[in-house]
Amino acid sequence: MALALTHTKYSLLETMRVPIAVIGSVAFPAFALLLFVVPQRAVADNAEYATQAVISLSVFAVLSNSLFSFGLNISEAREKPWDPYLRTLPVTGMARVLGYIFSIGLIGIASLIPVVVIGGLLTEANAPLWRVLAGVLALAVASIPFMLIGISIGFSMSSKAAIAVVQVVMFGFAFAGGLFLPPMLFAPWLNTLSTFFPSRQARELVIWVVQGGELAPWVWLGILGWTVVMLVLTLFLFRRDEGRRFH
Amino acid sequence: MTTLVKLDHVTRRFGDITALDDVSLEIDSGRIVGLLGPNGAGKTTLLSLVQGLRRASSGTVELFGGSPADARTRRHLGCTPQETALPPTLRVGEVIDFVGAHFDNAVPREELAAEFGISELLKRQTGALSGGQKRRLSVALAFVGRPRLVLLDEPTTGLDVDGRRALWAAVHRQQDAGATVVVTSHYLEEIEALAERVIVIGQGRVLVDDDLSAVLDQVGLRLLRLTTPTPDRVRALTGVVDSRPEHDGSFTFFVQDADVAVAELVRSGIQFSGLTVRGATLEEAFLTLIADSPKQNDAAGVSPRGI
């Protein structure tokens, strides 16, 4: 566990030395909110819809940060000789995976701040502070499947392939999860399909925590299921990994 | 003397390519081992199995009596990253601390830096270091955890003569302090300067495994260089092991005994001129060993002699 924190620290240190890399993942969801939600006064002036839109884009921020950071960082790291060196050190796979999760999770939380601030100032979105904080916590839990999907992508392909796959998965999940278009506009079949996506489950969980109401069992069952399946896959891929493979 | 590494009938394949072919060997504490062989011979594959980076296709690899894939087993193992591997944005001191954090009793950064002559670089980002400075840092990292076994893969590639000597001196001091060092190298001089035991690998097999002096005796070939219109007749003489054409049109012949060969040459009446005789370097000797297997003949023939 101490080693997981050590890896977190140096991973963050490396990232912070190239701040533009962080700004990209922090700024994009904020821009999306500014351009697509704030000008639509029908949404922005309705407290319930605006709050849901802010939540959707917060989920999107965490989704894109998780997929990009994990998928690309890991696949790139595997192509660099520093990673095989780290694998010769007495550190377990679990500690290194946790190190990735902590460091990228912190950046993910940082990417929420502009979305929440813009949403609070420029739209009617609102919630009591404790519910906002609880929402961030719920988001952290709901983002575990995204992180694990990113890690699996990182460990299973080269960085060039990972860029393409991450984009497809990110936009596919974002759309299917109702992060761009609210699910109330979905056709019934699409709505049913949507409930199987972790992005939709994350959205519903956070909305439930922030706005209250009913929590359908498929939400937490889905998050739990994705987490277990992806964790098993991640650990399998990590153990199997021997750095970059050439054929 | 304890056994640090044990390979038992280890084979490692990559697709159709067999990188290591039924290798069995043990590495004991106390003596610096030189691992010698041309590119693609299987040196790096062998090290990666001991480091736990790869698994054997068949056979077993033991490190300190355990599995190298288990992180706890690697607590007493020291390795070098390639010098291009260092994370460019981290400072030298940070890299040392980061690696040192993995070990119970790490060498403090100042002490390690002093030992490897990088004290004045601790505040620099590794991306700003010269190639030689990166090399020194990379080698230093192998010793940060006070390891019992150190694997140095090409430790002085790219260093100038002074840098190389300084690094060898540091490696010898570490060896005296109780670490056992395994060094791979293309530089023959390096193996001769460091190693007490030499393992020559070619085509995934152990070709020679003996004391440095014994290996030198065993492969104590002599080289005859001469110009002749009929090199085939020279090659057919008794005691001629191998030959290769030189740039100036002359030929070099590898022979077991120079006196016998010259006597034979004269007796046979073959025309020749410009005869010189000298001893083979270890590299030339091991290339001849590898050339015994036909597939490598070409590679050995064109291999550059400069080291």
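Fair warning: this is a prediction, and the values are worked out from it, not measured in the lab. Residue numbers start from 1 in every chain, and the chains themselves are labelled A, B, ... in the order their sequence lines are given, proteins ahead of strands. Excluded from the calculations below are hydrogen atoms, water molecules and symmetry mates; all remaining heavy atoms, backbone and side chain alike, are included.
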Given a strict heavy-atom distance threshold of 4.5 Å, which part of B:T80 is in contact with chain A: side chain, backbone, both, or neither? backbone

Against chain A, label B:V50 side chain, backbone, both or neither, depending on which of its atoms sit under 4.5 Å from a heavy atom there. neither

If only atom types and distance count, is the side chain of B:R74 paired as donor or acceptor with the main-chain N or O of A:R87 below 3.5 Å? yes

So which part of B:I17 gets closer than 4.5 Å to some heavy atom of chain A, the side chain, the backbone, both or neither? neither

B:D104 atom CG, over 12 foreign heavy atoms within 6.0 Å: no

Considering only heavy atoms and a distance below 4.5 Å, find which of B:P88, B:P87, B:P68 pairs most often with chain A. B:P87

At a heavy-atom separation under 4.5 Å, does B:R75 approach chain A through its side chain, its backbone, both, or neither? both

As an exercise, state the distance from CG of A:L89 to CD of B:Q51, rounded to the nearest 0.5 Å. 10.0 Å

Counting only heavy atoms from other residues, nucleotides and ligands, does the tally under 6.0 Å from CZ of B:R72 exceed 12? no

Interchain contact, B:D70 with chain A, by part (heavy-atom threshold 4.5 Å): neither

Shortest non-hydrogen contact from A:W82 toward B:A85: CB-O, 3.0 Å

In chain order, what residues pass the side chain to side chain donor-acceptor pair (under 3.5 Å) check against B:T44, with sequence neighbours excluded? none

Within residues 6-14 of chain A, contacts to chain B at heavy-atom distances under 4.5 Å involve A:T6, A:H7, A:Y10, A:L13, A:E14

Heavy-atom neighbours of B:R205 CZ exceed 12 at 6.0 Å: no

